[in-house]
Student: 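Please see the structure below; I have some questions.
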Amino acid sequence: MRKITFSEATLEAMTEEMQRDDRVFVMGEDIARQGGIFGQFKGLPQKFGTGRVLDTPISETAIAGAGVGAALAGLRPVVDMHFADFITVCMDEVVNQMAKIRYMFGGQCTIPLVLRAPDGIIRSAAAQHSQSLESWFLHVPGLKVVIPSNPADAKGLLKAAIRSDDPVLYFEHKALFPMKGPVPGGDHVVPIGKASISRAGQDVTIVSYSAMAHRALEAADKLAGQGIEAEVIDLRTISPLDKETIFTSLAKTHRLVIAHEAVKTGGVGAEIAALVAEEALDLLDAPVARLGAPYVPVPFSPSLEKLVKITADDIAGAALAICK
Amino acid sequence: MRKITFSEATLEAMTEEMQRDDRVFVMGEDIARQGGIFGQFKGLPQKFGTGRVLDTPISETAIAGAGVGAALAGLRPVVDMHFADFITVCMDEVVNQMAKIRYMFGGQCTIPLVLRAPDGIIRSAAAQHSQSLESWFLHVPGLKVVIPSNPADAKGLLKAAIRSDDPVLYFEHKALFPMKGPVPGGDHVVPIGKASISRAGQDVTIVSYSAMAHRALEAADKLAGQGIEAEVIDLRTISPLDKETIFTSLAKTHRLVIAHEAVKTGGVGAEIAALVAEEALDLLDAPVARLGAPYVPVPFSPSLEKLVKITADDIAGAALAICK
Amino acid sequence: MNYDAEFLRYLYRRMVSIRLFEEKVGELFLAGELPGFVHLYIGEEAIAVGVCASLTDRDYITSTHRGHGHCLAKGAQILPMMAEIYGKKAGYCKGKGGSMHIADFTVGMLGANGVVGGGYNLAVGAALAAKMRQTGQVAVCFFGDGASNRGTFHEGINMAAAWKLPVIFVNENNQWASTTPCHTTTAIENIADRAAGYGIPGVIVDGNDAFAVYETARQAVERARQGGGPTLIEAKTYRIKGHFVGDPEMYRTKAEVQKHFDENDPLKNFAKKVTAAKWLKQADLDAIQAAVAAEVAQAVEEARRAPYPEDGELFDDLYAEGGLK
Amino acid sequence: MNYDAEFLRYLYRRMVSIRLFEEKVGELFLAGELPGFVHLYIGEEAIAVGVCASLTDRDYITSTHRGHGHCLAKGAQILPMMAEIYGKKAGYCKGKGGSMHIADFTVGMLGANGVVGGGYNLAVGAALAAKMRQTGQVAVCFFGDGASNRGTFHEGINMAAAWKLPVIFVNENNQWASTTPCHTTTAIENIADRAAGYGIPGVIVDGNDAFAVYETARQAVERARQGGGPTLIEAKTYRIKGHFVGDPEMYRTKAEVQKHFDENDPLKNFAKKVTAAKWLKQADLDAIQAAVAAEVAQAVEEARRAPYPEDGELFDDLYAEGGLK
Ligand SMILES: Cc1ncc(C[n+]2csc(CCOP(=O)(O)OP(=O)(O)O)c2C)c(N)n1
Ligand SMILES: Cc1ncc(C[n+]2csc(CCOP(=O)(O)OP(=O)(O)O)c2C)c(N)n1
Ligand SMILES: [Mg+2]
Ligand SMILES: [Mg+2]
């Protein structure tokens with residue numbers, strides 16, 4: 001299969017969906033002239049005109065809020081947050097408007113909107129440009145949250161998100177943009193809400209997503225060297241969570257490691273561990289191992305930044321500890 | 001002991017701390033002329049002047065942001081959010097500035113700021129005025145989060161929060177303001193970070209906080225009628241979480257129920273259940289029971305609103321189910 | 001100006017609908033019959049009605065926590081509004097929204113908003129959609145004097161101005177934001193003066209004069225439809241009722257309020273003008289009043305009797321595509 | 001105007017410090033020696049230096065992602081700045097902040113900010129503290145043309161104006177927000193015109209002329225100290241360097257940039273003026289330049305050699321009162 005980058009994969013998704021449906025448009029900061037900080041919008045204005053690819057003012061409440069308004073009026077906006085950290089600027093628009101409007105209005109409208117948010121740690125971008133905030137949105141009924149780890153899923157999930165009649169937050173890890181991988185041709189759509197098993201195994205289940213999904217696979221390789229076959233689950237969507245896939249794996253392995261880059265406390269891993277403690281406790285033969293960033297903002301200095309990143313060794317170590 | 005309302009208790013705390021330290025001041029919408037929607041600021045301008053009790057414009061980013069700025073310049077602001085739902089408007093100020101500035105600047109400054117946020121469901125206030133959002137802030141290193149359930153703790157925790165050199169979010173449930181309870185005289189300070197055991201028992205541990213703490217006690221009464229003695233823990237602070245108190249109780253009861261009003265998915269209960277699944281799995285003799293609001297915005301109609309509220313019966317039922 | 005009688009009757013009927021609807025809602029709330037909170041629009045009817053008279057059903061409006069007037073002015077029906085405020089299934093939002101969240105998409109009413117200043121960007125987005133699709137629609141955003149200090153005011157108007165979107169920002173300066181007088185939180189006399197900061201026209205109009213509001217709005221709408229971009233209209237008025245029903249109003253005197261109402265009641269203004277000019281007869285007005293009163297009474301009866309949403313409806317309408325519980 | 005030579009040397013030294021510091025930082029970054037991202041202030045030196053020359057160490061400033069110039073102008077030292085940009089423990093923030101988060105509280109520099117528009121309200125709060133304690137301090141908020149479209153601009157300035165706080169908002173209109181030209185996102189010519197919307201003075205000044213900036217700032221500072229409230233100053237300039245070091249700058253021509261720099265380089269402007277007026281000799285300027293160059297070179301050497309923070313420092317400085325890990 002042809003290999004393209006994550007960034008190119010999202011660009012294909014945008015292009016195909018904009019071609020398919022003229023209600024789709026995109027707005028954000030520096031996406032037309034620059035083509036996005038990560039090149040993820042490159043060439044779109046040339047293809048679709050600056051009437052459908054809009055450089056906005058630095059006004060995140062207007063970007064998100066006008067996205068909602070345009071959706072109410074029948075368009076299908078894709079809005080870009082530049083960095084996921086800046087969702088904080090328009091949390092009211094996301095949480096109180098985008099997520100709730102359809103419900104509050106008794107289903108009179110739909111909000112077919114995608115909010116794209118590049119997140120994660122990348123080369124000492126420091127505390128205000130390195131966050132992974134996806135877990136907040138688990139807690140907000142009315143949203144869907146997807147978070148692909150590779151080019152194929154990036155394309156397929158973005159296409160699904162654009163076609164969804166519900167608002168979708170699309171988190172894309174900054175470090176993944178240049179990553180190459182096989183992407184099927186044709187109309188490749190990945191359904192929202194379905195995790196994938198990126199490696200099968202029977203000794204321990206490792207649940208992860210986004211860039212950490214690669215660390216999970218590397219950890220599985222290391223574990224295999226020690227005779228432990230890990231089953232690696234890439235969530236792909238975190239809201240709704242694909243509980244069934246996790247539980248099914250757990251029924252086989254009886255051991256669970258969860259790893260994400262976001263701060264451990266209050267992260268997505270907490271919800272997963274809690275679901276297991278509630279609904280699948282009997283499946284566990286060992287404590288759940290939960291990995292996430294320690295409880296500090298992301299520090300600038302490379303010597304400190306590396307301490308907050310979960311590594312394949314960390315994951316393998318945690319898995320080993322519960323496989324004893 | 002004299003009994004006063006929760007609202008009066010917070011007012012005593014404000015008054016005493018403003019008397020004690022002239023760097024303490026308070027600002028927010030409708031707090032001087034009106035005395036706060038719940039009367040929680042009544043009389044303060046008369047005592048301290050409108051130079052220290054400020055009615056602001058409807059500008060939540062300015063309220064929170066100027067609070068941070070004033071703290072950097074040596075004052076000790078208390079800022080009021082009117083409704084906790086509106087923290088969404090100033091999430092950048094809370095998450096990217098308030099929480100991170102001290103760390104990012106290598107400890108050059110302190111941010112002795114308290115952000116008060118009335119939360120929770122009360123008489124059909126509907127989706128944008130009923131939220132409990134505390135769990136988001138568990139996930140944000142740099143903040144402390146307190147959430148009292150009764151007048152004594154309301155006073156003691158507010159005093160501790162005002163004296164803290166770190167930023168503290170103070171969530172106060174709207175339905176609690178008129179609630180009366182005993183409050184010790186004198187300089188009553190409740191330390192941040194310590195849960196309280198509001199009822200001792202040995203059969204099951206019920207962890208809760210805020211208004212739900214009362215439902216937990218009612219549930220314990222009901223359970224006692226059936227021969228089950230519940231130990232009821234009122235967290236009082238959710239960041240940092242008092243893990244030790246929970247684990248100590250669990251070592252005795254081996255059964256855990258967690259209940260909060262916030263949406264169950266991604267709530268504080270998830271973090272607690274996860275901690276147990278990770279660090280205290282052996283203590284569990286039964287699955288964890290986790291209660292929180294179902295996955296919908298808070299609906300307006302009384303007939304629907306009541307469906308999203310966790311009741312004492314829900315808690316007792318959940319406890320019974322895991323005590324079988 | 002010359003107005004035909006039908007148009008005048010339409011204006012009066014909408015204003016009276018708001019007045020009587022709200023008087024009834026206030027009454028019912030004080031009687032403990034209604035859940036939630038209600039904010040009354042009484043005394044500001046000329047603004048919503050004057051503005052919406054310049055729009056068609058295909059145009060959009062966004063509204064505020066004080067939204068009943070905007071709904072009725074845009075053409076929403078009394079019964080489903082009343083039912084919504086009661087929290088009944090027959091309401092516009094099936095009881096899920098309530099007073100602060102009424103919407104009627106069939107007439108372009110994109111919803112009240114419990115978040116002060118939450119509507120600006122929704123209107124901007126609707127206008128953006130109209131511009132992209134070249135539909136000729138306009139969007140109107142109603143907002144208060146208090147709301148004019150939200151950052152969303154700035155972000156929304158700036159973007160709309162930069163992009164010349166067909167949107168009109170209508171400030172209802174009723175001089176109060178809850179208990180806080182406008183002049184204590186804003187150092188300028190006129191909110192309309194802020195328009196200059198965005199390169200758009202800022203117009204001040206007597207918000208108690210439906211004709212003045214209508215004419216001003218008409219020009220702004222025309223400008224917007226022709227691609228001239230946004231206008232900021234400041235309609236000066238006064239909040240006659242408490243911030244919410246039940247407000248003790250310790251922050252002002254009854255006399256001050258009464259004086260404003262006596263001098264500026266937009267309905268009285270209107271009646272005086274149309275009868276003096278002999279455009280309508282008092283009898284016409286009385287007939288409208290009686291018809292509306294009957295309609296409101298009937299709506300209360302029906303809303304009262306109507307069923308609440310059933311338990312099984314809790315999760316309905318959250319996701320268009322279902323998929324979560 | 002008459003300036004004494006010491007003051008002129010001080011102005012020049014600060015401007016040259018910024019220029020040489022940043023040229024070196026740019027070089028080091030391109031050589032792959034520095035972590036993170038760096039945004040250069042080259043070509044805008046007259047603004048920070050002119051403004052800060054009107055302040056004392058007790059006054060406050062808040063800054064932006066493009067903050068090196070503000071730091072140095074306010075009196076921060078070259079070595080701990082360089083060390084911070086290297087991520088070393090000897091840096092102002094012990095390596096935890098980096099280029100976008102340098103602060104020096106000892107000279108009232110309350111921090112750079114990675115969030116565009118994040119500084120307005122911090123400055124407003126510092127000014128509020130000054131007013132409450134009647135210290136006579138003022139606060140200055142530097143912000144870009146792009147930042148002027150953030151809602152925080154509106155909320156911060158409005159509140160400061162309503163409360164007549166001693167704060168000065170200094171817009172550095174360098175005509176670009178990253179790749180986006182100012183005129184495409186703002187429908188007005190001058191950001192300063194927005195001042196009228198808050199009832200405060202709005203002043204436009206040549207941001208490439210340190211003297212003009214200084215005089216303008218001095219008046220605003222005086223006004224603020226005397227209780228006259230905020231001023232909005234728009235300093236017109238041009239972003240000479242890319243948005244960040246490494247920016248391919250596809251959105252403009254090299255010629256356009258060079259033209260601006262040739263015509264408006266604030267250091268050349270300054271040197272021309274002071275030598276023509278015979279206030280300083282070229283030799284004075286050369287001596288300053290040489291001294292600064294040596295200091296920068298020395299700082300690089302030391303910063304390079306300095307140790308990184310150790311693992312055990314990760315949790316330090318999060319909570320003043322400890323208590324969490
Ligand atoms: C973001 C936000 N902040 C605060 C509130 C609480 N609140 C509701 S109405 C109101 C006053 C609004 O005043 P104005 O905008 O003048 O509208 P009016 O009530 O006068 O119609 C306030 C402060 C809110 N709903 N939303
Ligand atoms: C809230 C927010 N939105 C977007 C960004 C990304 N960003 C960083 S700098 C910049 C451009 C800023 O332009 P301007 O304010 O004119 O300052 P300049 O870079 O010209 O000094 C942008 C969009 C950000 N850091 N913060
Ligand atoms: Mg008002
Ligand atoms: Mg700029």
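Computation of the quantities below employed the complete heavy-atom set of this structure, encompassing side-chain atoms and omitting hydrogens, waters and symmetry-equivalent molecules. Letters go in sequence order (proteins before strands), and every chain restarts at 1.
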Student: Check whether any side-chain heavy atom of A:Glu271 lies under 4.5 Å from a side-chain heavy atom of A:Ser135, and answer yes or no.
Tutor: no
Student: Taking A:Thr110, A:Asn96, A:Asp92 one by one, which has the highest count of heavy-atom pairs under 4.5 Å against chain C?
Tutor: A:Asp92
Student: Can you name the residues of residues 140-153 of chain C that have some heavy atom under 4.5 Å away from a heavy atom in chain A?
Tutor: C:Thr152
Student: A:Leu158 and A:Ile162: side chain to side chain contact (heavy atoms under 4.5 Å, CB included), yes or no, with the steps?
Tutor: CA-CA 6 Å; A:Leu158 185 50; A:Ile162 293 172; 4.1 Å; yes
Student: For chain A, find its close neighbours in residues 222-230 of chain C: heavy-atom separation under 4.5 Å, sorted by number, or none.
Tutor: none
Student: Heavy-atom distance under 4.5 Å to chain A: side chain of C:Ala103, backbone, both or neither?
Tutor: both
Student: Charged N to carboxylate O under 4.0 angstrom, C:Arg194 versus C:Glu234?
Tutor: no
Student: What about A:Phe83 and A:His129, are their ring centers closer than 6.0 Å?
Tutor: yes
Student: Please rank A:Cys90, A:Gly193, A:Gly67, A:Gly74 by heavy-atom pairs under 4.5 Å with chain C and give me the top one.
Tutor: A:Gly74
Student: Is a donor from one side chain sitting under 3.5 angstrom from an acceptor on the other, for A:Asp85 and A:Gln131?
Tutor: yes
Student: Is the C:His243 ring parallel, tilted or perpendicular to the C:His65 ring (thresholds 30°, 60°)?
Tutor: tilted
Student: Would you check if C:Ile78 and C:Leu72 make a side-chain contact, meaning some heavy-atom pair closer than 4.5 Å?
Tutor: yes
Student: Show your working on salt bridge (charged side-chain N to carboxylate O under 4.0 Å, His left out) between A:Asp187 and A:Lys159 and close with a plain yes or no.
Tutor: CA-CA 9 Å; A:Asp187 189 29; A:Lys159 286 173 69 97; 2.9 Å; yes
Student: Using a 4.5 angstrom heavy-atom cutoff, name the option from A:Ile63, A:Leu72, A:Ile101, A:Leu54 with the most pairs to chain C.
Tutor: A:Leu54
Student: Can you say whether C:Phe105 sits under 4.5 Å from chain A via the side chain, the backbone, both, or neither, judging by heavy atoms?
Tutor: both
Student: In terms of relative ring orientation, are C:Tyr41 and C:His70 parallel, tilted or perpendicular, with 30° and 60° separating the classes?
Tutor: perpendicular
Student: For C:Ile157, is it the side chain, the backbone, both, or neither that has a heavy atom closer than 4.5 Å to a heavy atom of chain A?
Tutor: neither
Student: If you count heavy-atom pairs under 4.5 Å between each of C:Lys94, C:Lys131, C:Arg133 and chain A, which one has the most?
Tutor: C:Arg133
Student: Tell me yes or no: between the side chains of A:Gln97 and C:Asn113, is some donor less than 3.5 Å from an acceptor?
Tutor: yes
Student: Specify which of C:Leu314, C:Thr135, C:Leu165, C:Asn158 makes the most heavy-atom pairs with chain A at under 4.5 Å.
Tutor: C:Leu314
Student: Is A:Glu93 close to chain C through its backbone or its side chain, or both, or neither, when contacts mean heavy atoms under 4.5 Å?
Tutor: side chain
Student: What part of A:Arg163 is in contact with chain C, defined as an atom under 4.5 angstrom from a non-hydrogen atom: side chain, backbone, both or neither?
Tutor: backbone
Student: Mind ranking C:Ala320, C:Ala127, C:Gly156 by heavy-atom pairs under 4.5 Å with chain A and telling me who comes out on top?
Tutor: C:Ala320
Student: Can you check whether C:Lys96 reaches C:Pro309 side chain to side chain, under 4.5 Å on heavy atoms?
Tutor: no
Student: Under a 3.5 Å cutoff, is there a donor and acceptor pairing between the side chains of A:Thr61 and C:Glu155?
Tutor: yes
Student: Find out whether C:Tyr308 and C:Glu313 are in side-chain contact, i.e. whether some heavy atom of one side chain is under 4.5 Å from a heavy atom of the other.
Tutor: no
Student: Pairing donors with acceptors under 3.5 angstrom, does anything connect the side chains of A:Ser210 and A:His260?
Tutor: no
Student: Go through A:Ala64, A:Ala99, A:Pro77, A:Gly107 and name the one with the most non-hydrogen pairs under 4.5 angstrom from chain C.
Tutor: A:Gly107
Student: Tell me, side chain or backbone of C:Met132 under 4.5 Å from chain A's heavy atoms, or both, or neither?
Tutor: side chain
Student: Name the member of A:Ala62, A:Gly65, A:Ala70 that forms the most heavy-atom pairs with chain C at distances under 4.5 Å.
Tutor: A:Ala62
Student: Side-chain contact test, heavy atoms from C-beta onward, threshold under 4.5 Å: evaluate it for A:Lys100 versus C:His101 and give yes or no.
Tutor: no
Student: Consider only side-chain N and O atoms of C:Tyr92 and C:Asp104, and report whether a donor and an acceptor are under 3.5 Å apart.
Tutor: yes
Student: If you count heavy-atom pairs within less than 4.5 Å of chain A, which of C:Ala160, C:Gly118, C:Ala126 leads?
Tutor: C:Ala126
Student: Under 4.0 Å between a Lys/Arg side-chain N and an Asp/Glu carboxylate O for A:Asp80 and A:Arg116?
Tutor: no
